[in-house]
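Here the structure is laid out as structure tokens; the discussion comes afterwards.
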There are 2 protein chains.
Amino acid sequence: MDKDGPRRRNAQATRDDILASARAAFARSGYDGAGLREIAEGAGVTAMMIGRYFGSKENLFAEAVAAAMGETELLGSEILSSPDVAREMAAGLVRITAPDAPILEGFEIALRSAASDTAASLSREHIEVQKLKRLANSLQGDDRETRAAILIALVAGLQTMRQVIGLTPLAKADPEQLTGLMAAVLEPLLVAKSESIPAPSAPS
Amino acid sequence: MDKDGPRRRNAQATRDDILASARAAFARSGYDGAGLREIAEGAGVTAMMIGRYFGSKENLFAEAVAAAMGETELLGSEILSSPDVAREMAAGLVRITAPDAPILEGFEIALRSAASDTAASLSREHIEVQKLKRLANSLQGDDRETRAAILIALVAGLQTMRQVIGLTPLAKADPEQLTGLMAAVLEPLLVAKSESIPAPSAPS
DNA sequence: ACCATTTGTCTACAGGTGTATAGTTATGGA
DNA sequence: TCCATAACTATACACCTGTAGACAAATGGT
């Protein structure tokens, strides 16, 4: 991750290194917590190169969020075509929110940057464009956008409590058990229904 | 909120003012974002009084989290005795996570302080002791702790996306619609079942 | 009415923040 | 080979951070 040789003086590579280091740092410490000098050091350059290539910390953050958000698909087509969508997505969710999984970097950056209003606003924009719209388009039935938003809230909540806060029962839970429970939770959001909740008249 | 008269030199009142100001500041800007001078100014004193009364910022945060966490009940007894627990809790959840609701201060502090490891660890402890245990005890059936933890993750996710990030479909959603959807999501976590998800053999 | 104790403020330190200007060194075309 | 240009570094600025020690003043018991 450091350097294979003294192959300096390469603008594109330097820019890429800075962006990669920034993504890692923002995911680790959030927008306010990550310092420009720390990010620069991670890329093997001086803090001033960030100003040169990205203008400001805010711009750098925006690019980092955009890059990280566009990487993992929350509901891929191979999941959608599965006979049991809920269980399939639950399994994927449990896997990518595992305590030390480095996946879902985009959400991790957003969640750890929740203290900053600018960062939160930037994150919101990228979530809505890159995640919510695609998710809503993958769904069928009524209230697609709201259901997609609740799904995203669920993902964010699970990741927050498992990875960020580290809530014990979630961090140490048996993946199988967690998947079963999550499948039941996800089901009403994934399957198409006209009524949001069926009348509890006829017990099964 | 400022001062009715020059009634200074009151140790207990000063301590209370500092704690109140700290809770508001931590909820607004998180652990790292809230400065001691800002908190002190909100209480009408100097930053040094915080050192005097609380020792350190970390101690102050711990007390603020403890106080804020113990205030709102996630699943009160009047909800538990309702005929439709899921819908009742969903309605409450939608209400207290409304975009500008000042409730759930404890969770807001925790979520906005996610960048700091010490703050996250402190939050985790208080969530587990003050929220998770009570919630798990209110439930019936198997996997009570895991189900309670998922419930907490759901609350945190909804609050994050509605209040902190401000995801549009959730922030502007019709409360009735949101309640209906959330009720369906909450149901499998609240009602007692042996199997986490029923076999999808017999289509209704 | 006095004075010790409590309550609060002032000043300061050592370090970190994002950013700007000026200077230095390697690179590639002539 | 030379040297203009692009890539990168050094130094500095103004500000903010949490914390500490020394000082001032109001308070209450005698």
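Chain A is the first sequence line, chain B the second, and so forth, proteins listed ahead of strands; every chain is numbered from 1.
Sequence neighbours left out, not one pair with a member in residues 64-89 of chain A passes ring pair (Phe, Tyr, Trp, His ring centres under 6.0 Å).
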Query raised in the report: Would Glu128(A) and Thr168(B) count as a side-chain hydrogen bond (donor to acceptor under 3.5 Å, both in side chains) if you check the C-alpha gap in whole Å, the side-chain angles of each, and the deciding distance to 0.1 Å?
Result: CA-CA 8 Å; Glu128(A) 289 184 359; Thr168(B) 311; 2.5 Å; yes
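Taking only side-chain nitrogens and oxygens, Thr14(A) comes nearer than 4.0 Å to OP1 or OP2 of dC8(D).
A residue-by-residue look at Met48(B) and Met48(A) shows that Met48(A) has its nearest nucleotide of DNA chain D further toward the 5' end.
By the 4.0 Å N-to-carboxylate-O rule, Glu73(A) lies close enough to Arg134(A) to be salt-bridged with it. The residues Glu108(A) and Arg23(A) are annotated as not salt-bridged, no charged nitrogen and carboxylate oxygen being separated by less than 4.0 angstrom.
Distance Ile39(A) CD1 to dT17(C) C1': 12 Å, rounded to the nearest Å. Distance CE (Met49(B)) to C1' (dA24(D)): 13 Å, rounded to an integer number of Å. Look at CD1 on Ile18(A): it is 11 Å from C1' on dA7(D), rounded to the nearest Å.
Closest approach of Pro169(A) and Leu132(B) over heavy atoms only: CG-CD1, 3.6 Å.
Note: Tyr31(A) and Phe26(A) have parallel aromatic rings, judged against thresholds of 30 and 60 degrees for the angle between ring planes.
Residues of residues 30-38 of chain B that place a heavy atom closer than 4.0 Å to DNA chain D, in numerical order, are Ala34(B), Gly35(B), Leu36(B), Arg37(B). Scanning residues 50-65 of chain A for heavy-atom distances under 4.0 Å to DNA chain D yields Arg52(A), Tyr53(A).
In this structure, a donor-acceptor pair under 3.5 Å is absent between the side chains of Glu58(B) and Thr118(B). Judged by distance alone, the side chains of Gln12(A) and Asp16(A) do bring a donor and an acceptor atom under 3.5 Å apart.
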